[in-house]
Amino acid sequence: MSISSSLSRLTVYFKRHGFRATVRRFGLAARRTLFSSRMILFYCDLRALSAPTADLPSSLKVERHTNQATLSPQDLQEITSFWNPQQARRNVKERFELGASLWLIKSKDELAGYGWTLQGRTVEPHYFRLGPDDVHLFDFHVFAQYRGRGMNPSLVSYILRSLAAESHGRAFIEAAEWNQAQLASLRRTPFRRLGSARKCTIFGRTIVCSDQNQAAKHKRELKNQSIATTGGKGAGVPGLRA
Ligand SMILES: CC(C)(COP(=O)(O)OP(=O)(O)OC[C@H]1O[C@@H](n2cnc3c(N)ncnc32)[C@H](O)[C@@H]1OP(=O)(O)O)[C@@H](O)C(=O)NCCC(=O)NCCS
C-alpha cells in the first residue's frame with residue numbers, strides 16, 4: 001500500500017473512531033510492520049484438484065463478477081464502505097480494468113464476504129513472476145458477523161475448483177504471519193504452504209527477501225511435480241523474484 005493511501009486510510013479511521021482508537025490502531029500497524037512483516041506464501045496446483053466443482057451448503061451461494069456493471073449497488077456499497085470508501089471504489093475500478101474477478105459469498109442472499117482473483121499477473125509487485133495460467137488470489141474479507149463459520153475456506157475452495165475447470169496453472173495466495181485467522185482458514189483449503197518472504201518497494205523498485213532454504217526446497221518440489229512448466233515463458237519460480 002502506498003504512503004498516500006495509508007495516510008488517507010488513517011484519516012478516515014480517525015474521523016470514524018477518534019484520537020485514542022487511532023493511536024492504538026497506528027501502534028498496532030507499526031508493531032506489525034516492524035516485528036511481523038513476513039508473509040506466508042501458499043500455492044495450489046490447479047491440475048491436482050480432484051472434484052471439478054465445489055459443493056456448497058445449500059444456504060451459501062457464490063457469485064463471480066468480472067465487471068462493475070453486474071454488481072448490485074448494495075453489494076458495492078457494502079464492499080467499499082467499511083474502510084476508506086473513495087480508495088476502495090478506486091481499487092474496485094482498477095482491479096476490474098486489469099481483468100480481475102470479484103467473488104462474493106452470500107449466506108441466505110446476504111453478502112457475507114468476498115475475495116479477488118487475477119490471472120497471469122498481480123495488481124501490486126509480487127514476490128515472484130506469475131506465468132500466464134497462474135492465478136493470484138487476494139484481498140479476502142469476511143464481514144465480522146459471519147467470521148468463524150467457515151465462510152472463507154468455503155469461498156477459497158469454491159474459487160480454486162472453479163479455476164481448475166478453466167486453467168491448468170497454479171494458484172497463489174499469501175497471508176501476514178500475524179494474521180492467525182487467515183492462516184487457520186487457509187489450512188482448511190487445498191492451499192499448501194510454499195514458504196515465507198518479506199518485500200518492500202523503494203523508489204518504484206520492489207525488494208524481496210525470502211527464506212532461501214524453504215525457497216530451494218519448494219523450488220525442487222514444484223519442479224518434481226512439473227508444475228513449473230505450466231507457467232511457460234516468463235513464469236518465475238516462487239522464492240526467486242526475477
Ligand atoms: C481472515 C478471514 C477472511 C477468515 O474468515 P472466516 O470465514 O472467519 O474463516 P474461518 O471460519 O475459517 O475462521 C478462521 C479463524 O478465524 C478466527 N475466528 C473465529 N471466529 C472469529 C470471530 N468471530 N472473529 C474473528 N476471528 C474469528 C479463528 O481463529 C478461526 O480459526 P479456528 O476455527 O481454527 O480457531 C476473516 O477473519 C477476515 O475477513 N479478516 C479480516 C480481513 C483479513 O484479514 N483478510 C485476509 C487477508 S487478505
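Just follow the structure's listing: the first ligand is 1, and inside any ligand the first atom is 1.
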Measure from the ring center of F82 to the ring center of H141 and say whether it is less than 6.0 Å.
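Close enough - the centres of the two rings lie under 6.0 Å apart.
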
Once you restrict both partners to nitrogen or oxygen, which atoms of ligand 1 have a protein partner under 3.5 Å, and how far apart are they?
residue	atom	partner	partner atom	Å
ligand 1	7 (O)	M151	N	3.4
ligand 1	7 (O)	N152	N	2.9
ligand 1	8 (O)	G148	N	2.7
ligand 1	9 (O)	S185	OG	3.3
ligand 1	11 (O)	G148	N	3.4
ligand 1	11 (O)	R149	N	3.2
ligand 1	11 (O)	G150	N	2.7
ligand 1	12 (O)	S185	OG	3.2
ligand 1	12 (O)	R188	NH1	2.9
ligand 1	33 (O)	R188	NH2	2.9
ligand 1	34 (O)	R188	NH2	2.6
ligand 1	39 (O)	V142	N	2.7
ligand 1	39 (O)	V142	O	3.3
ligand 1	44 (O)	N179	ND2	2.8
ligand 1	45 (N)	F140	O	2.8

Could you walk me through whether E174 and H136 satisfy the side chain to side chain contact (heavy atoms under 4.5 Å, CB included) test, starting with their C-alpha distance in whole Å, then the side-chain angles of each, then the deciding distance to 0.1 Å, before giving a yes or no?
CA-CA 9 Å; E174 64 277 348; H136 186 222; 3.0 Å; yes

Do you know the tightest heavy-atom contact between W116 and A100?
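Where W116 meets A100 most closely, the heavy atoms are CE3-CB, 3.8 Å.
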
Would F172 and Y127 satisfy side chain to side chain contact (heavy atoms under 4.5 Å, CB included), going step by step from the backbone distance to the final call?
CA-CA 11 Å; F172 295 102; Y127 300 86; over 6 Å; no

Would you list the pairs meeting salt bridge (charged side-chain N to carboxylate O under 4.0 Å, His left out) in which at least one residue belongs to residues 95-104, sequence neighbours left out?
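Every pair satisfying salt bridge (charged side-chain N to carboxylate O under 4.0 Å, His left out) with a residue in residues 95-104: K93-E97, R95-D139.
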
Does T206 form a side chain to side chain donor-acceptor pair (under 3.5 Å) with T201? I'd like the steps, not just the answer.
CA-CA 4 Å; T206 300; T201 302; 3.1 Å; yes

